[in-house]
Number of protein chains: 2
Amino acid sequence: MDASSPFSNQDSPWLPFESRRRARDEKREAVLRTAVALFLEQGYHRATLNEVAKRLNITKPALYNYFRGKDEILFECWAIGNELVDECIAETSAGGGTGLDKLRKLTVRYAELMTADYGKSLVRFDLRDLSDDNRKIVRNAKRRIDRAFRDYIAQGIADGSIKPCDPKLSAFAIAGSLNWIGHWFQPGGAMSGRAVAEEFAIRLTEGIATTSKKKADKPPRTGNASREETREHHTRTAARAAGQSKRARGRLR
Amino acid sequence: MDASSPFSNQDSPWLPFESRRRARDEKREAVLRTAVALFLEQGYHRATLNEVAKRLNITKPALYNYFRGKDEILFECWAIGNELVDECIAETSAGGGTGLDKLRKLTVRYAELMTADYGKSLVRFDLRDLSDDNRKIVRNAKRRIDRAFRDYIAQGIADGSIKPCDPKLSAFAIAGSLNWIGHWFQPGGAMSGRAVAEEFAIRLTEGIATTSKKKADKPPRTGNASREETREHHTRTAARAAGQSKRARGRLR
DNA sequence: TCCGTATATTACCCATGGGTAATAAATAGT
DNA sequence: ACTATTTATTACCCATGGGTAATATACGGA
């Protein structure tokens, strides 16, 4: 009725009777795009590799040219999301400002990530579906993200931009609220991902900020923490090749 | 042993039947306690009914004396958690106070629920594992919970205890943060569930409250929103019998 | 004591879906 | 064009685990 039609899936490099000569990495990424969408849509266990393949106009065994197995696909989806978060943290840390400034900056970007597929995969996939090695990698990455939030809060307390509080619990509270976005946000809604992100950034930090800015009431200052680039989900492929962890590049023969 | 029968005498031919039924319900609940723990520990799909049975020193088919199938067990676990939340909401709504008072009261109780198994089941189980009918029930219940948060916020804005804000987004932010507790809290940690709950209640409401109470700094006023009873996870059995929804009482023969 | 019911067990069925082997088709290099 | 390599397909294996049928056992009631 839908996915099997030759007219849907216009972005599949395997369109029948189409030139099948495309870079291997593009196909890999196409698999991941399809897989992450399906995993989110149906849940990892209900989603089958047959269905992933079907949506790409190929058959299941073809997937094994690019991945060792289902759990590796899951991990790679997660890894892409993780790289996006890492970029957020790196850029936020690189930029200046008070602890509160950084916290807000990270909050906005992280929130917006949670409204997109790869971001959602960070919070909706289950660690226990991964291999032991990959599970360790993910756990460490989660800790790094948590530390970023805590560090910014601690820094804010130190520089006086944030009220004294327990950084650990405050980070949990903020990150929890943001992570939950990945569970309820759906693109078709009334607010865009960007809008939700900016709203949340204000709401979640106003409680602990020392200066109670009324940024929300009118838009005289949109803030400098949200206008820069956020629009390159592509050209990330090269960066991934330098990823920190063992991520097999397809089946090694 | 309880109040299920006024006469513990042999002149009541109902006593044996009653005690039998009670024994049955106790076994039912034992299954649910074991199942919810296992589902949380391993995830619904990895957890097997064989393992549930094994932990109860019985075998898998014995479970089918009490439940129609795995997904019904999942639903019943969820239903118990939902009743606990319903009690929170009912009591909070019954009690007086400003919108902010009620919001805080609900926040404390809800947070503490999230630190226990049945509470966690509300946010960690996947709707899509349920039958269509049960899924509808759960969805409606989730909406009711969301509405409670929104109503209290709206009420608080109306009575001046809460700053003007979007009730919908604020409710999402608060509930999200609370729900996330169900994902990270583990009993063995440094803080008790109660302690986490009270911390969160303060942190999550201080941002939108008009009066910035410093409840956290010293304990001159512990607040009336946290001392009353919260300690009856038992004797809930009878209340469940009057539950709002089709919940089969074991296999009907 | 004997019957009927509730409850448990053993032994099975079988749909599902991840994964693999053998092989065919396309592509690149010479 | 011939060959090696990559990439896809068809046809299959099989472990897993939910669910069921047949049956045994415990127990209350007469």
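Chain letters run A, B, ... following the sequence lines, proteins first, then strands; residues in each count from 1. Since we're looking at a predicted model, the values are computed, not measured.
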Looking at the side chain of [X], which of [options] is the nearest nucleotide?
| X | options | result |
| --- | --- | --- |
| B:T59 | C:dG18, C:dT10, D:dG19 | C:dT10 |
| A:Y66 | D:dG18, C:dT7, D:dA8 | D:dA8 |
| A:P61 | C:dG18, D:dA8, D:dT10 | D:dT10 |
| B:T48 | D:dG17, D:dT10, C:dT7 | D:dG17 |

Quick check on [N]: is either OP1 or OP2 less than 4.0 Å from any side-chain nitrogen or oxygen of [X]?
| X | N | result |
| --- | --- | --- |
| B:K27 | C:dA6 | no |
| B:R24 | C:dT7 | yes |
| A:Y64 | D:dT6 | no |

Interatomic distance where [atom1] belongs to [X] and [atom2] belongs to [N] [whole Å]:
| X | N | atom1 | atom2 | value |
| --- | --- | --- | --- | --- |
| B:N50 | C:dA11 | CG | P | 14 Å |
| A:H45 | D:dG17 | NE2 | P | 10 Å |
| A:E26 | D:dT6 | CD | P | 19 Å |
| B:Q42 | D:dT16 | CD | P | 14 Å |
| B:L63 | C:dA6 | CG | C1' | 16 Å |
| B:L56 | C:dT9 | CG | P | 11 Å |
| A:K70 | D:dT16 | NZ | P | 16 Å |
| B:N65 | C:dT5 | CG | P | 15 Å |

Side chain A:K60 and base C:dG19 donor-acceptor under 3.5 Å: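 Result: at least one qualifying N/O pair found.
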Residues which pass ring-ring contact (aromatic ring centres under 6.0 Å, His included) with B:F149, listed by chain and number, not counting sequence neighbours: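 Partners of B:F149 under the ring-ring contact (aromatic ring centres under 6.0 Å, His included) test: B:Y110.
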Backbone of B:N179 reached by a side-chain donor or acceptor of B:K120 within 3.5 Å: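 No: the side chain of B:K120 does not pair with the backbone of B:N179.
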B:Y152 and B:T92: side chain donor to acceptor below 3.5 Å: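 On atom types as modelled, these side chains do not qualify, holding no pair under 3.5 Å.
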Polar contact flag, side-chain donor to acceptor under 3.5 angstrom, A:D126-A:H45: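 No donor-acceptor contact under 3.5 Å links the two side chains.
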Cationic N near anionic O, under 4.0 Å, B:D117 to B:R33: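 Answer for the salt bridge query: no.
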Note, A:V36 side chain near A:F125 side chain (heavy atom, < 4.5 Å):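 A:V36 reaches A:F125 side chain to side chain.
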Sugar-phosphate only, base, or nothing, as touched by A:A47 at under 4.0 Å among non-hydrogen atoms: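 Since only primed, P, OP1 and OP2 atoms lie under 4.0 Å of A:A47, the category is sugar-phosphate.
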End-to-end axis angle, where each axis spans five pairs of the helix from C:dT1-D:dA30 to C:dT30-D:dA1, to 10°: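 Axis angle across the helix from C:dT1-D:dA30 to C:dT30-D:dA1, nearest 10°: 10°.
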Parallel, tilted or perpendicular: ring planes of B:F39 versus B:Y44, cut at 30 and 60 degrees: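 Because their plane-to-plane angle is over 60°, the rings of B:F39 and B:Y44 count as perpendicular.
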